[in-house]
**Student:** 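Questions regarding the structure given below will be posed in turn.
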Amino acid sequence: MEKILSSLNIKQREAVSASDGPVLILAGAGSGKTRVLTTRIAYLIREKKIKPWNILAMTFTNKAAAEMKARVEDMVGSGTGLWVGTFHSTFAKILRTEALSFGFNPGFGIYDVDDQIRLIKTIMGDLHVPPDQFAPKSIAAVISKNKNSLIVPQQYQQTAGNPFEEAVAQVYPEYQHRLRINQVFDFDDLITVPIRLFHEYPAVLEKYRTRFSYVLVDEYQDTNRAQYELVHLLAYTHRNLCVVGDDDQSIYGWRGADIRNILDFEKDFPDTRTFRLEQNYRSTRNILKAAASVVEKNVGRKGKTLWCDGPEGEKIGLIEAYDDREEAARVVERIQSEIIRHKRAFKDFAVLYRTNAQSRALEDALRRAGMSYVIVGGLRFYERKEVKDVLAYLRVITNPNDTVSLKRIINFPVRGIGDVTLGRIERHALLNGERLFDALGDADAISEMTEKPRKSVLAFYRMIQKYQDLVDKITPNELAHTLVDEIGILNLYKHDATFEDAGRLENIRELLNAIREYAETAEDPSLAGFLEQVALVTDIDTWNDQSNAVTLMTLHTAKGLEFPVVYIPGLEEGLFPVMRSMDSTESVEEERRLFYVGLTRAKEKIYLLWANNRYHYGEYSYRMPSRFIKEVDPSVLDILTPEKYEPKETVRPPSRSRVLTEPDVHPDYESLSQDIPELQKGMQVLHSSFGKGEIIRIEGRGPNRKISVRFSGGRVKKFIAQYAKFEIC
DNA sequence: CGGATTTAACTTTTT
DNA sequence: GTTAAATCCG
């Protein structure tokens, strides 16, 4: 332990050894925050003899939690019963354990945003709230915001003023009611329901207070009101609460995060000991200078000055491009020159953008240059339509009360149960006061139904029942494979080689793989366990930072990560800061903090880019450079004009730039493409189901290149070359 | 009742 | 440029 402590600086050591009572650690970017947290936990266990199972540490991503746990175990050994997890996974676990005593089903499901919106649409239909007037999505957002601020439906109803708020006031209570009926929780419930239960059942609260006598919270600046309340409930008696955060990195205000939580911590606990970690171990002095010059434009911050004794480093490169395509080409070109000049590998680079939509142009440019890249985030794997379809089956099997999932699959794949039949069954269920699922079994008793749907409904009902019976008899892996086989979902996507279909097929196989992997590695594998993991896992959690590829992600996702070289494209008014933030000082300040987060991800070099024109909503628009560019201290900016582009290093075809890349990431295109007929733009082809068409576009190279074909009638379809079933004519 | 084709609407960031 | 909802036809 002595040895571990001596590797920390004085401030860090003080923060680690202040073990009891309320502690606030204001940790600037790159100041060794994770190191302090993990060492602190190890210190509690080794020096203070605190039992590991009496410590609860909460983070915002599973990846951060896993990393923290691994690092602590390195110091104190594994299998200690230490609790490290996200807020959501921690309280999902507690809810699961306590469900029965609260009258909940321990097999409850978890609704994501898509499920929430489906449910809200149904409710709006039932309550005759016109969905064309009020967007279900907006209503969902307001409900979520209320829940995070701990405002219950009754309270909200009293404040509703305009027609939109009236609509929310109608939907909100019914939404809560139906979640209960369906025996599911949404994300917000995982935080708010435990609060309610702790209030209503003091004995249970007492149990967890005793159990978690030391509580640590990471990224405290991103907690919302509900999370704040929960943390305070747990720490109220023992007051051994340590929170770590950086008000300059608060970027989740739009999700209900309340920056006051960290700003007022010392008011909440007057005997707080506060530690400031201001020595930065990550970035060069120039990068810190740039970051500081930007963030100091914000008012209402705690105020920190990061310093480091490292090298000055290179200046920040600023590049102006004609449009988004050229911007992407410049990124590629600059990656190439960095590789030559500094012998860097692909994994040293990250491109961090404001919106997911920006990834497309970058992706195209990287692919054309033959560079390996990986996109983190965007549409999450488990949110893809075909994946959610299969998951919906598994959800109904574990929780037949889940009507959102039931309605999703009752006629998918199509089995002849349309809207009319479903309506009849729903009415029957309502009249008899039974669950929709049980009403399926009564199909014979519903007189208005005709013979064909009746048979379909009963067959579907018996199939689900069969799997419900199998849940405890076979492994989740076997069950999922058998199920996918029986519903024949793979066949739906097997027929044609369109790009979408091949992707869907691949995704379902990937899902089956995930289930198999889960069944092999989990301590106590169960279908419900898998579904919970799926609901709470994000892309960043599964991102493999070891593979050698350029990383593309949003600035939000990048929080907590670091890269030698960082590119921030799209620095334009209306994109960054984003249009909707520009009317309030507060939200522009949040955008500015986001820019600060981006700048402080870089260890050695930053490139800022903007384009005069950008393709958006299907058309070009003129752009002005972002105000944030002007806020960067001009003395650290290096304006890279076209003359400085080093023309010899501009984008070249992959075959000539072999020195730039590693052999294993560069497939031998020529040998790979030999077994596929030579397809070219303008060729006439004949497809087995779409008929005659003309190739209008070819993207990429090799067997996975995408072929766009326009068929007679003007329909355009995209195919993957190696699966495409057409003849050249 | 299902399937196919056409139309509309939309993109801020996510546990 | 993508996906869901609406409409029409067999």
Side-chain angles (χ1 to χ4, degrees), chain A residues 58-65 85-92 110-114 117-118 121 131-132 135-138 141 144 148 185-191 219 222-224 226-227 250-257 352-361 364 376-380 382-385 411-424 449-450 452-453 456 499-500 535-541 553-559 570 574-582 587 590-591 593-595 597-598 615-619 689-690 708 713-716 718:
Chain A
M58 283 185 289
T59 62
F60 270 81
T61 66
N62 293 294
K63 188 187 172 67
T86 62
F87 270 95
H88 293 86
S89 66
T90 301
F91 288 99
I110 298 171
Y111 274 2
D112 67 15
V113 182
D114 178 66
I117 289 173
R118 279 169 187 264
K121 277 183 187 162
D132 45 334
K137 215 174 145 185
S138 317
S144 169
N148 283 321
F185 294 126
D186 65 13
F187 280 131
D188 306 321
D189 284 339
L190 296 179
I191 311 296
E219 309 280 15
D222 288 329
T223 51
N224 59 37
Q227 288 162 331
S250 160
I251 54 173
Y252 285 103
W254 54 275
R255 211 174 68 191
L352 310 178
Y353 36 77
R354 181 62 182 86
T355 66
N356 281 304
Q358 287 168 259
S359 68
R360 169 155 267 107
D364 285 349
V376 183
L379 186 59
R380 278 207 284 271
Y382 292 115
E383 283 170 6
R384 300 201 158 114
K385 185 194 168 297
N411 198 33
F412 183 87
V414 285
R415 48 173 71 84
I417 308 171
D419 289 343
V420 178
T421 305
L422 180 60
R424 286 170 180 157
M449 267 168 65
T450 50
K452 228 171 86 184
S456 286
F499 188 64
E500 297 93 317
L536 300 176
V537 82
T538 68
D539 252 24
I540 188 75
D541 299 329
M553 60 171 89
T554 63
L555 288 148
H556 282 89
T557 310
K559 197 181 66 170
L575 181 59
F576 193 17
V578 77
M579 188 71 79
R580 287 177 63 165
S581 74
M582 284 164 55
S587 43
E590 181 157 311
E591 295 283 298
R593 290 194 291 268
L594 187 57
F595 185 43
V597 167
Y615 217 39
H616 230 210
Y617 312 110
E619 56 187 27
S689 44
F690 298 114
S708 298
R715 279 184 301 156
V716 177
K718 248 187 199 179

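Naming convention: chains lettered A, B, ... in sequence-line order (proteins, then strands); numbering from 1 in each chain. These figures come from a predicted structure and were not determined experimentally.
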**Student:** Measuring from the side chain of A/Arg360 (C-beta onward, heavy atoms only), which nucleotide among B/dT15, C/dT2, B/dT12 has the closest atom?
**Tutor:** C/dT2
**Student:** OP1, OP2 of B/dT12 versus side-chain N and O of A/Thr554: anything below 4.0 Å?
**Tutor:** no
**Student:** Any side-chain N or O of A/Lys137 under 4.0 Å from OP1/OP2 of B/dT11?
**Tutor:**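 Yes, within the criterion.
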**Student:** Calculate the interatomic distance between A/Leu536 atom CG and B/dT14 atom P; express it in whole Å.
**Tutor:** 17 Å
**Student:** Take a 6.0 Å sphere around NZ of A/Lys452 and say whether it holds more than 12 heavy atoms from other residues, nucleotides or ligands.
**Tutor:** no
**Student:** Could you please name the option among B/dT11, C/dA4, B/dT13 that lies closest to any side-chain atom of A/Ala357?
**Tutor:** B/dT11
**Student:** Which nucleotide in the set B/dT13, B/dT15, B/dT11 lies at the smallest distance from any side-chain heavy atom of A/His88?
**Tutor:** B/dT15
**Student:** For A/Arg360, is there an ion pair with A/Asp364 - N to carboxylate O distance below 4.0 angstrom?
**Tutor:**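 Salt bridge flag = no for A/Arg360 with A/Asp364.
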**Student:** Need one value for A/Asn356: base, sugar-phosphate or nothing, where a base atom within 4.0 Å counts as base even if backbone is also close, heavy atoms only.
**Tutor:** sugar-phosphate
**Student:** Taking CZ from A/Arg593 and P from B/dT12, how many angstroms apart are they, rounded to a whole number?
**Tutor:** 19 Å
**Student:** Find which nucleotide of DNA chain B each of A/Gly418 and A/Gln227 is nearest to by heavy atoms, and output the residue with the more 5' nucleotide.
**Tutor:**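 Here A/Gly418 is the residue nearer the 5' end.
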**Student:** A/Glu591 side chain: which of B/dT12, C/dA4, B/dT15 is closest?
**Tutor:** B/dT12
**Student:** What stems involve DNA chain C, if each pair must be Watson-Crick or G-U and both of its distances must be under 3.5 Å, with 3 or more such pairs in a row?
**Tutor:**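 Consecutive-pair runs (3 or more) involving DNA chain C: B:1-9 with C:2-10.
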**Student:** So if I take every side-chain heavy atom of A/Arg255 and compare against B/dT15, B/dT13, B/dG2, which nucleotide ends up nearest?
**Tutor:** B/dT15
**Student:** Which nucleotide in the set B/dT12, B/dT14, B/dG2 lies at the smallest distance from any side-chain heavy atom of A/Val414?
**Tutor:**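 Of the options given, the side chain of A/Val414 lies nearest B/dG2.
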**Student:** Calculate the interatomic distance between A/Ile117 atom CD1 and C/dT3 atom P; express it in whole Å.
**Tutor:**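 That distance rounds to 16 Å.
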**Student:** Base, sugar-phosphate, or nothing for A/Thr557, non-hydrogen atoms under 4.0 angstrom?
**Tutor:** sugar-phosphate
**Student:** Whole-Å distance between B/dT13 P and A/Glu219 CD?
**Tutor:**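 Those two atoms, CD and P, are 20 Å apart.
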**Student:** So, is A/Lys121 close to the C/dA5 phosphate, meaning a side-chain N or O under 4.0 Å from OP1 or OP2?
**Tutor:** yes
**Student:** Which heavy-atom pair separates A/Thr86 from A/Asn62 by the least distance, and what is that distance?
**Tutor:** CG2-N, 3.4 Å
**Student:** For residues A/Ser359 and A/Asn356, is any side-chain donor paired with an opposing acceptor at under 3.5 Å?
**Tutor:** no
**Student:** So is the aromatic ring of A/Tyr252 stacked onto the base of B/dT13, judging by whether the centres are under 5.5 Å apart and the planes are under 30° apart?
**Tutor:** no
**Student:** A/Leu575 near the nucleic acid: base, sugar-phosphate alone, or nothing, with a heavy-atom cut-off under 4.0 Å?
**Tutor:** nothing
**Student:** Without decimals, in angstroms, what is the distance between A/Asp112 CG and B/dT15 P?
**Tutor:**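 Those two atoms, CG and P, are 12 Å apart.
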**Student:** Would you classify A/Phe187 as touching base, sugar-phosphate or nothing, given that sugar-phosphate means primed atoms plus P, OP1 and OP2, and contacts are heavy atoms under 4.0 Å?
**Tutor:** base
**Student:** Step by step, would you call A/Gln358 with A/Phe576 a side-chain contact (heavy atoms from CB on, under 4.5 Å)?
**Tutor:** CA-CA 12 Å; A/Gln358 287 168 259; A/Phe576 193 17; over 6 Å; no
**Student:** Measuring to OP1 and OP2 of B/dT15, would you say a side-chain N or O of A/Thr538 lies under 4.0 angstrom away?
**Tutor:**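 Yes, because at least one side-chain N or O of A/Thr538 sits under 4.0 Å from OP1 or OP2 of B/dT15.
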**Student:** Categorize A/Thr421 for me: base, sugar-phosphate, or nothing, with a 4.0 angstrom heavy-atom threshold over every strand shown.
**Tutor:**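 If one applies the 4.0 Å heavy-atom cut-off, A/Thr421 turns out to touch the sugar-phosphate alone, with no base involved.
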**Student:** Could you state the atom-to-atom distance from CG of A/Leu352 to C1' of B/dT13 in whole Å?
**Tutor:** 13 Å
**Student:** Parallel, tilted or perpendicular: which describes the rings of A/Trp254 and A/Tyr252, with under 30° parallel and over 60° perpendicular?
**Tutor:**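 It falls in the tilted class, 30° to 60°.
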**Student:** Please report the distance, rounded to the nearest Å, between NZ in A/Lys385 and P in C/dA4.
**Tutor:**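 Whole-Å distance recorded here is 8 Å.
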**Student:** Please report the distance, rounded to the nearest Å, between CD in A/Glu383 and C1' in B/dT15.
**Tutor:** 11 Å
**Student:** Under 4.0 Å between any heavy atoms, over every strand shown, what does A/Val578 touch: base, sugar-phosphate, or nothing? Just pick one.
**Tutor:** base
